[in-house]
Amino acid sequence: MSLIIKCSELAQLTSESRDRALNWRERALIRIHLVLCPPCVRFRRQMAFLAGAVKSRGAERAVPGATLDASARERIRRSLESKQR
Amino acid sequence: MGELADAVTADPGRWLELHGDAMYAWALLRVRVPALAEDMVQETLLAALGAVGGFRGQSSERTWLIGILKHKVLDHLRRSGREQPLGEHLDEDTGHIAGWFDETGHWSQPPGNWAEPERVLEQEQFWAALSACLERLPERLRTLYALRELDGLETDELMDMLGISSRNNLWVMLSRARLQLRECLEVNSFSPA
């Protein structure tokens, strides 16, 4: 049983650690790999940064600058009015 | 029922005026198709009109409306996921995977050094790049990524909602979305000028 995983495997486990709890073996494999691999250390830092950044903009969880066009707005307005009557 | 309800029933167009665009942009990130996002806004406002009594003013009007919208969008995704699963064309993406790692599993382009990422958070440029990179994800990956990272849905909910057959496939798809985002940001926001 090898204690060495590839960078591609480290990347997958790093991602999965956000979706499920890794087991002790997986965590150990990550730690061993990181000792030997500066690029993967940077990768993990970047992934943590990215997750934090995406989370921090709660109010803007939308397509930026997307707006209803005039005809859709008009259609919705009419449906609201007819419901009110 | 009080003044608020009266005011709202008297002028429902005000919601559309004040919150229509925000609701539309929120829905569009999750359903992708403009006409569908428009329908979601309409359904939400109609539902809100019938449920004004449920709004107690504890949250902002917009938060309340987005809450209703979220139900509508998730319902829709659940229904369409059953009829037409999101698809797990994992093989389609192998081009990408091959691009990230060489045959031995090493980075073909090792991740660079992102200088002062904390400071970058204050720059509009960074957020524009992040949005553009999200836009560039393939549709199914973007929906999945948004529901997971923005809305915090769990693995089982996502599998059910999007018709994905195994946890492993789901996790691989999420990993592709994240790696693609990372790469896009590195190129567009952190590359040495």
Side-chain angles (χ1 to χ4, degrees), chain A residues 4-22 33 36-85, chain B residues 9 12-13 15-16 20-29 34-35 37-38 41-42 45-46 49-50 97 100-101 104-107 110-114 117-118 120-121 126-128 130-131 134-135 146 148-151 154-155 167 170-172 174-179 181-182 185-186 190:
Chain A
I4 306 297
I5 53 174
K6 301 170 179 172
C7 299
S8 54
E9 292 167 305
L10 179 127
Q12 180 62 33
L13 284 176
T14 298
S15 173
E16 284 186 27
S17 71
R18 299 193 49 76
D19 306 317
R20 67 177 176 93
L22 301 186
H33 184 102
L36 306 167
C37 186
C40 280
V41 172
R42 292 200 294 273
F43 167 77
R44 291 193 36 108
R45 229 180 267 142
Q46 293 171 359
M47 292 296 266
F49 166 77
L50 180 58
V54 167
K55 265 222 163 85
S56 74
R57 282 237 160 156
E60 293 177 35
R61 294 168 183 181
V63 174
T67 54
L68 283 167
D69 69 33
S71 63
R73 194 175 277 277
E74 190 49 38
R75 198 174 62 239
I76 296 172
R77 189 188 314 282
R78 265 194 233 117
S79 80
L80 283 171
E81 279 167 8
S82 71
K83 168 97 181 255
Q84 272 203 301
R85 269 184 221 122
Chain B
T9 356
W15 279 342
L16 182 60
D21 286 339
M23 294 167 73
Y24 174 71
W26 194 97
L28 189 61
L29 181 69
E38 289 165 7
V41 173
Q42 176 167 333
L45 289 172
L46 288 171
L49 202 52
I97 297 303
W100 290 329
F101 303 100
T104 62
H106 287 99
W107 295 99
N113 201 5
W114 290 6
E118 287 73 22
V120 155
L121 292 177
F126 167 77
W127 296 104
L130 180 57
S131 298
L134 265 173
E135 279 295 307
R148 174 72 195 117
E149 295 281 356
L150 304 181
D151 300 330
E154 298 297 335
T155 295
R167 299 172 150 220
L170 177 73
W171 291 330
V172 168
L174 279 170
S175 150
R176 286 178 192 180
R178 291 177 181 126
L179 263 73
L181 261 187
R182 187 211 73 81
L185 270 185
E186 176 146 299
F190 289 99

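First the proteins, then the strands, lettered A, B, ... as listed; each starts at 1.
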Legend entry - Residue selection (most heavy-atom pairs with chain B, distance under 4.5 Å) from A:P39, A:C37, A:A66, A:S8: A:S8

Legend entry - A:E16 (side chain) donor-acceptor with B:L174 (main chain) under 3.5 angstrom: no

Inset, instruction - Find the distance between CH2 (B:W107) and CG (A:L10) and round it off to the nearest 0.5 Å. - result: 7.5 Å

Inset, instruction - Determine, using ring centers only, whether B:F126 and A:F49 are less than 6.0 Å apart. - result: yes

Inset, instruction - Indicate yes or no: at least one non-hydrogen side-chain atom of B:L45 is less than 4.5 angstrom from one of A:K83. - result: no

Inset, instruction - Can you see which heavy atom on A:S15 is nearest to which on B:S175, and at what distance? - result: OG-CA, 3.1 Å

Inset, instruction - Find out whether A:R20 and B:W171 are in side-chain contact, i.e. whether some heavy atom of one side chain is under 4.5 Å from a heavy atom of the other. - result: yes

Legend entry - For the student: nearest non-hydrogen atoms of A:R73 and B:D21, plus distance: NH2-OD1, 2.8 Å

Inset, instruction - Compare every heavy atom of A:R42 with every heavy atom of B:P110, then report the nearest pair and how far apart it is. - result: CB-NH2, 4.4 Å

Inset, instruction - Check B:R148 against A:R18 and note the closest heavy-atom contact, atom names and distance. - result: NH2-O, 2.7 Å

Inset, instruction - Return the option, out of A:Q46, A:Q12, A:K6, with the maximum number of heavy-atom pairs under 4.5 Å with chain B. - result: A:Q46

Inset, instruction - Look only at the side chain of A:R77 and the backbone of B:L16, and say whether a donor-acceptor pair between them is shorter than 3.5 Å. - result: no

Legend entry - Among B:D151, B:L134, B:T104, residue most engaged with chain A (heavy-atom pairs, under 4.5 Å): B:T104

Inset, instruction - Drop me the distance from A:M47's CE to B:L181's CG, to the nearest 0.5 angstrom. - result: 8.5 Å

Legend entry - Nearest heavy-atom neighbours spanning B:P111 and A:F43: CG-CB, 3.8 Å

Legend entry - salt bridge (Lys or Arg N to Asp or Glu O under 4.0 Å) against B:R182, all qualifying residues, sequence neighbours excluded: B:E186

Legend entry - Spatial distance of atom CG (A:L68) from atom CD (B:Q42) [nearest 0.5 Å]: 10.5 Å

Legend entry - Qualifying residues under salt bridge (Lys or Arg N to Asp or Glu O under 4.0 Å), relative to B:R167, sequence neighbours excluded: B:D156

Legend entry - When B:G112, B:A128, B:G20 are compared by non-hydrogen pairs under 4.5 Å with chain A, the top option: B:G112

Inset, instruction - Could you tell me which non-hydrogen atom of B:L130 sits nearest to which non-hydrogen atom of A:L50, and how far apart they are? - result: CD1-CD1, 3.9 Å

